[in-house]
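Structure, as structure tokens:
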Amino acid sequence: MINRECGVYQTTYEGDMALYPAPLARHASLGAVVVLVLLPLILDSHAMALVNLITLAAIGAIGLNILVGYTGQVSLGQGAFMMVGSYTAALVTLRLDMPFWVGLPAGGAVAALVGTFFGIPSLRIKGLYLAIATLAAQFIIEWTINHSTWISGGVQSTIYVPTPSFFGLEINSEHRRYYMVLPVAFIAYVAALNLVRSRVGRAFIAVRDRDVAAEIIGVDIFRYKLLAFAVSSFYAGVAGALWTYYLKIANYEHFTLTTSVSYLAMIIIGGLGSVLGSVFGAIFITLLPIALVYVVEGGAALLGFKYAAIADLLANLRLIVFGGLIILFLAIEPEGLYRMWGNVRRYFRLWPYSY
Amino acid sequence: MSARASIVAAVALAASLGAATPASADHEIVIGVQCDRSGPDATVGAPLCAGFRDYVALVNAGNGVEGHRIRAAEIDTESRVPPALAAYERLRGEAAVALALYGTQIYALAPRLAEDRIVATAAGWGPADAANGRRHPYVFSVASAASQAAAAVGFAKHRLGTLKGKKVAFVPDDSPAGREPIAVLEDLAERERFQLKTFAAPSTGATMATLAVDLARRYRADFVIAHLAGRAPSLAIQELARVGYPLDKVIFFVGGSAEADVDAAGGRAVADGYHGLEFAGVGQEFPVLRAIQAMYHAQGRQPPTRMASSVCYNRGVVMAALQVQAIGNAVAARPDGRIIGDDVKAGMEKIRGFTLGGLTPPLEITPTDHEGGGRLQVWQVKGARFVPVTDWFTAYPRVIARHVTAERGAPSR
């Protein structure tokens with residue numbers, strides 16, 4: 001019988017401070033890690049590509065959630081910070097001949113520096129005004145990278161990097177790329193879980209909930225707002241660097257404003273202020289358009305339409321359904337997919353005595 | 001979950017399973033085409049894709065390629081990279097041998113194409129150095145940006161008599177693809193001793209009005225060469241017409257030379273007179289297009305309305321025909337039809353004197369020249385229709401060759 005305990009049964013501080021205090025959650029998380037590690041054994045290369053895209057998106061989304069969800073600083077510059085990481089990694093690999101596991105933290109570090117700089121306006125402005133300031137960051141960074149030959153290497157602004165390798169092992173298939181992306185995502189996930197329940201994380205949450213009150217109880221707003229920008233941009237930079245090694249190309253067109261907006265959509269749908277929610281959001285936004293291709297085309301075939309006759313219509317119908325589903329999910333649960341998952345968990349916690 | 005919700009879920013599941021089942025157990029050769037029916041490139045993608053599909057249907061309605069059927073799979077990327085990547089991996093799993101791509105997607109996929117040995121055609125919109133078969137062994141581009149730049153300058157010289165001392169304005173999209181021809185143009189400016197000034201326009205075309213005033217009144221350009229895409233070409237035509245610039249001194253690269261651009265600019269009243277470069281014939285008076293129409297009539301159906309967007313439709317036909325021709329050469333070498341991307345690459349590099357009844361310039365593709373000669377044709381808008389003003393031609397081949405083989409894609413150290 002699988003039961004969750006329904007009281008506080010911890011007898012040691014260590015037990016109480018564990019990441020997953022409840023045994024069931026601990027076992028489930030361990031099981032999830034095992035499944036994730038063994039995933040390439042059962043999936044083909046198309047499915048692995050989808051998993052890789054989700055994993056990459058999840059890293060960026062977790063980073064953005066730390067800034068927007070936990071600290072309450074709206075940012076439309078996530079794509080630009082990823083761009084910084086992406087080009088940094090490409091340049092580190094190409095000019096200094098460094099392997100990818102040096103390029104990743106380098107991309108993160110430079111992005112963190114740039115992100116901190118563009119976070120300075122957050123000390124004076126917040127909300128929609130800050131969103132516009134970070135929008136400016138998106139355009140300034142995009143323009144700078146696009147137009148400076150030293151960074152982007154000539155007119156194409158496109159840098160090809162060689163196939164990354166790990167101690168002689170070429171990372172040249174979708175399955176191997178997964179093992180390049182997964183450990184980074186794992187570290188990013190666990191680090192974020194621990195960060196948000198630490199002293200720093202609680203300071204972030206205090207700033208989000210009421211910054212004046214936070215200042216009165218002794219939270220250094222200047223420090224923590226900039227720290228949130230730095231951490232978030234570090235995540236974005238690592239995600240961008242991984243994207244470079246994943247595609248073997250750095251190109252600014254992959255990190256435009258559309259990218260920033262879709263990351264914002266991920267964390268809003270997944271759940272603001274939730275690490276697992278960021279992952280849910282990344283899955284939702286990445287998979288939904290691809291699943292809709294099958295569902296809409298299959299549905300049309302079931303209704304007896306010939307695909308070629310209505311192909312243009314279906315393509316736009318798909319976008320309408322995509323938008324509609326986002327509205328529907330937010331209408332049902334404004335707090336996102338994480339809250340839905342929480343509701344399910346709570347239901348089964350008391351099941352079958354759910355009164 | 002309510003009863004109704006579970007029915008909807010069941011239908012959706014059944015539908016997705018139905019779509020995932022392969023259509024036929026017979027051996028078929030799989031190719032893919034980027035089909036952006038949604039997103040910003042829909043005015044290009046929708047007619048292009050229709051042309052591609054119709055040509056493949058025409059081949060299959062006959063005997064296929066030596067008895068082997070061709071299946072054209074679609075990739076709707078919505079002009080974004082992740083869907084392109086997912087679709088690419090799906091098609092790779094289905095053993096696709098060739099893809100027709102354009103835009104930022106082909107940049108993103110270029111490393112994988114080389115790694116997985118899959119051929120891609122990038123007619124008119126690909127990276128310019130794809131014309132160099134040594135740089136991108138698996139990418140074939142019909143009209144590279146370098147060839148387009150040289151052809152535009154050649155045409156300007158033809159129109160103005162001499163370029164010496166003239167002022168030429170270059171209006172590119174403010175993106176890597178847009179700025180790509182600047183190096184070629186600068187070289188030609190030195191050679192022909194004309195002044196060159198670049199007026200970069202953001203892809204939304206938001207600053208086009210001031211740009212047109214600047215270009216026509218302050219700089220007083222003698223000729224305008226524009227390399228724009230999406231909504232920007234029609235805006236450029238509108239604004240240049242509004243400031244009274246003579247449109248017969250304007251030439252667009254292939255990205256701004258479609259019926260959709262003329263219509264969006266305001267049609268006959270506004271757009272008449274401007275020139276566009278084409279790498280595929282315009283209109284419906286070509287044998288292969290009449291064959292497609294006959295195929296539809298034989299099935300008791302009307303030809304698709306997309307045929308009226310003949311610029312992009314015909315480009316789709318050309319890309320499909322190129323791939324089918326290469327597959328034909330590959331199958332000739334391996335009659336069992338179990339061909340891979342390398343066979344198609346070899347087949348592509350065997351293409352000589354391929355004209356498709358005048359729909360394309362005579363293409364001569366070799367292992368080093370993946371552009372097939374880079375010939376283009378200039379068409380002019382008259383009465384809201386495109387009419388040809390030149391034959392297929394190339395200009396400054398030595399300058400193009402130098403730029404195409406020059407080292408690119410890596411930053412200076």
Side-chain angles (χ1 to χ4, degrees), chain A residues 44-50 52-53 56-57 90-91 94-95 143 146-147 149-161 163 172-174 246-249 251-254 258-259 262 286 289-291 293-302 308-309 311-316 318-319, chain B residues 11-20 35-39 42 45-46 49-50 53 57 74 76 78-83 85-94 103-104 107-112 115 127-129 174-183 304 306 408-413:
Chain A
D44 67 354
S45 122
H46 172 226
M48 279 322 294
L50 295 179
N52 283 337
L53 288 173
L56 283 163
L91 293 179
L94 223 62
R95 291 204 184 135
W143 193 91
N146 202 346
H147 285 80
T149 320
W150 186 81
I151 301 174
S152 57
V155 283
Q156 287 184 349
S157 297
T158 297
I159 307 175
Y160 293 98
V161 297
T163 310
N172 56 4
S173 73
E174 218 48 46
Y246 178 67
L247 281 183
K248 299 202 289 176
I249 186 173
N251 185 334
Y252 85 101
E253 285 177 304
H254 307 161
T258 325
T259 315
S262 69
T286 311
I290 292 158
V293 172
Y294 293 108
V295 174
V296 170
E297 287 175 13
L302 275 189
D312 296 340
L313 197 68
L314 285 186
N316 293 300
R318 222 175 52 228
L319 293 184
Chain B
V11 168
L13 183 69
S16 58
L17 290 175
C35 239
D36 291 353
R37 294 178 194 276
S38 47
C49 195
R53 286 176 68 99
E74 293 185 4
D76 189 341
E78 298 164 22
S79 303
R80 294 188 301 130
V81 173
L85 199 73
Y88 170 81
E89 288 296 335
R90 191 189 78 220
L91 289 179
R92 193 167 73 84
E94 295 173 11
T104 180
Y107 287 86
L109 292 177
R112 283 172 194 234
E115 194 173 282
D129 55 356
D174 196 8
S175 71
R179 291 193 305 272
E180 205 163 30
I182 290 179
R306 292 288 180 197
R408 287 267 193 85
S412 50
R413 281 174 188 249

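All values below were derived from every heavy atom in this structure, side-chain atoms included, with hydrogens, water molecules and symmetry-related copies excluded. Naming: A, B, ... by sequence-line order, numbering from 1 per chain. Source: prediction; values computed, not measured.
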Problem set entry | Any side-chain donor near an acceptor of the partner, B:R80 and A:T258, under 3.5 Å | no

Problem set entry | Partner residues of A:A300 under the side-chain contact (heavy atoms from CB on, under 4.5 Å) criterion, sequence neighbours left out | A:F305, A:I310, A:L314

Problem set entry | Segment of B:R90 engaging chain A (4.5 angstrom heavy-atom cut-off) | both

For this session: Check whether A:N251 gets within reach of chain B through its side chain, its backbone, both or neither, counting any heavy atom under 4.5 Å.
Result: side chain

For this session: Could you check if a side-chain atom of A:L247 sits within less than 4.5 angstrom of a side-chain atom of B:L109, using non-hydrogen atoms only?
Result: no

Problem set entry | B:E94, part contacting chain A, at a heavy-atom distance under 4.5 Å | neither

Exercise. Thinking salt bridges, do A:E174 and B:R92 make one under a 4.0 Å N-O criterion?
Worked result: no

For this session: Return the set of residues passing salt bridge (charged side-chain N to carboxylate O under 4.0 Å, His left out) with B:D76 (not counting sequence neighbours), or none when no residue passes.
Result: A:R318

For this session: Go through the atoms of B:D36 and report whether side chain, backbone, both or neither lie under 4.5 Å from a heavy atom of chain A.
Result: neither

Exercise. What option among A:I290, A:N172, A:L56 has the most heavy-atom pairs under 4.5 Å with chain B?
Worked result: A:N172

Problem set entry | Max heavy-atom pair count under 4.5 Å with chain A, selected residue of B:G93, B:P82, B:G178 | B:P82

Problem set entry | Sub-4.5 Å side-chain heavy-atom contact between B:E74 and A:E297 | no

Exercise. How many angstroms lie between OH in A:Y246 and CG in B:L85, if you round to the nearest 0.5 Å?
Worked result: 4.5 Å

Problem set entry | Interatomic distance, A:L319 atom CG to B:R37 atom CZ [nearest 0.5 angstrom] | 13.0 Å

For this session: Heavy-atom distances under 4.5 Å only: say whether A:T259 touches chain B with side chain, backbone, both or neither.
Result: neither

Exercise. Yes or no on side chain to side chain contact (heavy atoms under 4.5 Å, CB included) for B:E89 and A:L50, after CA distance, side-chain angles and deciding distance?
Worked result: CA-CA 9 Å; B:E89 288 296 335; A:L50 295 179; over 6 Å; no

Problem set entry | Separation between OH of A:Y160 and OH of B:Y107, rounded to the nearest 0.5 Å | 7.5 Å

